[in-house]
Structures are given as C-alpha cells and as structure tokens.
Amino acid sequence: MKHKDKKTLEFKPKRLKDKLSGIMNFSDYRKIHNRIIYSLFIILLVFFVLVALVPIIWLFITSFKTIQEINSTKYQLFPEVFDITKIFKVWEKMNLLRYYGNTLIVVIGSIICSVIFNGLLAYVIGVIKPVGHKIIHVMVLLGYMIPSALSIVPLFMEITKVGMINSYLPLCLTFGANAYYYMLLKNSFEKTPKSFIEAARIDGLGDIKIFFKVVIPLNKSIIGVVAIFTMTASYCDFLLPKLVLQNEDLATIMVYIYNLGTMTTPTFDTSDFLLLLVISMIPQIILFIIFQKQILGGATAGGVKE
C-alpha cells in the first residue's frame, strides 16, 4: 500500500500526448501540418520573449560599464568589472531618496483614493442600487470610452484654477478615479453574500460601516488587484506629474529622470544615467514577480461574470 501511495504522490510532468485542453488536443498533433503550426507558434513566442527581455538585459549590463568602455570603438558585451557598489554611489550622487519619497507619497495617496472612491461607488451601484444607479453606471462607462489624452488639457486647466499646482492631491485624486477599477470592484461586490450584509444591518450598522467592516474584508483579493494596478499607473505616469509638479524638489522619479535627460550641462556620465534607468525599473520588476498571479488574474476578472 505504501508503495502504491508513493506512486500516486509522484509528480508526473504533462506531455504533449496527454494534452486535452486548448485549441488543439493530443490527437491534432498526429498530423504533420498541425505540428508545423505548433512549432511556428513556439518560435514566435520565443521571439517575442527575446524582444522583451534583450533590451532590459542589455541596459542592465551596459549600466555597469565605465564611460570609456561605452565610448570604445571596440565593442564588448560585458564590462571588465561588475561593481555592485555603483548602485549605491548613483543613489547618493543623484539624491534618489528624495524623488523616490515623492513618488511614494503619490503612490500611497493614489491607492487610498482608488480603493475608497472607486470602492464606494461600486458599493452604491452594485449593492445598494439606489434610484438612477443604472444611469450613473452608464455615465461611468461612457467616461471610460474617452481617451485620457483628450482630458489632460481640461483637467490641467481645472487644477490650475483651483490652485493645486505643486500639490500631490490632484495626482492622487486623478489616479484614484478609474472606471476600470470601478468595474472590477463592482463585479466582485455584487457576488458578496446578501446574508452578511443583511445580518450587519440587523446589528445596526450603517452603509458606510458595512462597506468598511463587511464588504472590504470579504473582497480583499480584488482590492489587492486594484491597489497593484493603481500603484503601477501612479508610479509610471509622466505627463500629469510633469505638468502639475513644476517645482523640481517635488518631482516624482519619472519626471526627475526626464529632467536629467534634458539638462544642457549634465553633472553625470552616460553609465550613471543608464544605471538610474535600471534602478527605476527594479520596483516594477519586483512587484510583477511577487504579484504576477494577481495581476494576470485581475486582467480577466472584469470580463468574467458568474
């Protein structure tokens, strides 16, 4: 019995002949033309992976070269010395702690605004459903159809009129208001068991307390996805922070990189700037590696309805 149990617990990797799901199953691969198509798909996918990874790998390797190695007519892929301490030298030289601190303020504020504002709207439309909720829902979807580039000018004019230039608040509010996040939260909130909400109302909780004490704890996974998406958008955005944060001391990391790249008399060499680009990519890479399942799952959550 023990010998049989061990066999059942052994991991057996899936082979092509055992494939039952997808466009083609194991029987389709017996035909030569299907095998050719399958091979072409694999080659194409490998090509796309290389197109995505090679520039990042080249940037990482080149950033550790000296300026003499970069400008040398004799090309060599790897630097003579990999000096990891160069990362800390560039960090201190370019005062990155300040600009990462500015970016962190925008990211945290955007996540708070995104979860609360989109969450409250999704809770009202998807759970409470007051009179006229369908009209509001349609208006939000219509707003989602307008390209963000078209709204940047009137948005900037309104920010200027209310005197919020050189303030992080309009950035947090803008990144926090998103129709896609609203749809993700609404679809999830609608699946919340009504018995929990009714029990909370019997206990005397109002709608706001039900939202924070019942709905949010029951939908932590989708709220985490929205927080990740918001963090990525607010961290990577350049145009709106560039327009709003006109004081260089308040600049986010992306605006700071642009300002350094447009300097007429730079105080750094090319290798330092390339390493700065690598440092700016590290948080996003780490974020994707840790939360890739949530990110990829959230990308399809908005289109799935039970």
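These values consider heavy atoms only, across backbone and side chains, with no hydrogens, waters or symmetry-generated copies.
Closest approach of Ser280 to Tyr235, counting heavy atoms only: O-OH, 2.7 Å. Across all non-hydrogen atoms, the minimal contact from Phe211 to Val115 is CZ-O, 4.2 Å. Residue Leu276 comes nearest to Leu260 through the heavy atom pair CD2-CD1, 3.4 Å, listed as atom of the first residue, atom of the second, then distance. Heavy atoms only, all atoms of each residue included: Ile70 and Leu274 are closest at CD1-CD1, 4.3 Å. Between Cys113 and Cys172, the shortest heavy-atom distance links the atoms CB-O, 3.6 Å.
When hydrophobic clusters are built by joining Ile, Leu, Val, Met, Phe, Trp and Tyr residues whose side-chain heavy atoms come closer than 4.5 Å, directly or via intermediates, Val138 is not grouped with Leu185. Cluster membership for Met139 and Phe117, using ILVMFWY side-chain heavy atoms within less than 4.5 angstrom, is not shared. Residues Phe82 and Leu59 share a single hydrophobic cluster, defined by chaining ILVMFWY side chains whose heavy atoms lie under 4.5 Å apart. The hydrophobic cluster containing Phe175 also contains Val153, counting ILVMFWY residues as joined when their side-chain heavy atoms lie under 4.5 angstrom apart, directly or transitively. Val162 and Met157 end up in the same hydrophobic cluster when Ile, Leu, Val, Met, Phe, Trp and Tyr side chains are linked at under 4.5 Å.
The side-chain heavy atoms of Val124 and Ile136, taken from C-beta on, include no pair separated by under 4.5 Å. Residues Pro241 and Leu171 are in side-chain contact: their nearest non-hydrogen atoms beyond the backbone lie under 4.5 Å apart. By the 4.5 Å heavy-atom criterion applied to side chains, Tyr182 and Val226 are not counted as neighbours. Contact of the Leu141 side chain with the Met183 side chain is registered, since non-hydrogen atoms from C-beta on lie closer than 4.5 Å. Within the 4.5 Å cutoff, no side-chain heavy atoms of His137 are placed close to those of Val140. You'll find the side chain of Lys89 reaches within 4.5 Å of the side chain of Asp83, heavy atoms only. No side-chain heavy atom of Arg201 sits less than 4.5 Å from a side-chain heavy atom of Lys209. Contact of the Leu240 side chain with the Leu155 side chain is registered, since non-hydrogen atoms from C-beta on lie closer than 4.5 Å.
Side-chain atoms of Asp272 do not come within 3.5 Å of backbone N or O of Val90 as any donor-acceptor pair. Between the side chain of Lys86 and the backbone N or O of Lys65 there is at least one donor-acceptor pair closer than 3.5 Å. For Asn102 (side chain) and Thr252 (main-chain N/O), no donor-acceptor pair under 3.5 Å exists by modelled atom type. A distance-only check finds a donor-acceptor pair linking the side chain of Asn247 to the backbone of Asp249 [under 3.5 Å]. Side-chain atoms of Glu69 come within 3.5 Å of backbone N or O of Glu80 as a donor-acceptor pair.
At most 12 non-hydrogen atoms from other residues, nucleotides or ligands lie less than 6.0 angstrom from OH of Tyr258. By the 6.0 Å contact criterion, CD1 on Ile135 is open, its count of non-hydrogen atoms from other residues, nucleotides or ligands being 12 or less. Heavy-atom neighbours of Glu248 CD from other residues, nucleotides or ligands within 6.0 Å: at or below the threshold of 12.
Rounded to the nearest 0.5 angstrom, Gln284 CD and Met231 CE are separated by 8.0 Å. Once rounded to the nearest 0.5 Å, the distance linking OG of Ser234 with CD1 of Ile111 reads 6.0 Å. The OH atom of Tyr168 lies 15.0 Å from the CG atom of Leu173; values are rounded to the nearest 0.5 Å. Atom CD1 of Ile116 and atom CG of Asn118 lie 10.5 Å apart (nearest 0.5 Å). Note that the CD atom of Glu190 and the CD1 atom of Ile125 stand 10.0 Å from one another [nearest 0.5 Å]. We find the CD1-OH distance between Ile253 and Tyr100 to be 5.0 Å, quoted to the nearest 0.5 Å.
Ring-plane geometry between Tyr123 and Phe189 is classed as perpendicular, the angle between the planes exceeding 60 degrees on a 0 to 90 degree scale with a lower cut at 30. Between Tyr180 and Phe229, the ring planes lie parallel to each other; the angle is under 30°, not in the 30° to 60° tilted range. Note: Tyr256 and Tyr99 have parallel aromatic rings, judged against thresholds of 30 and 60 degrees for the angle between ring planes.
Looking only at atom types and distance, the side chain of Asn219 has a donor-acceptor partner in the side chain of Thr192 under 3.5 Å away.
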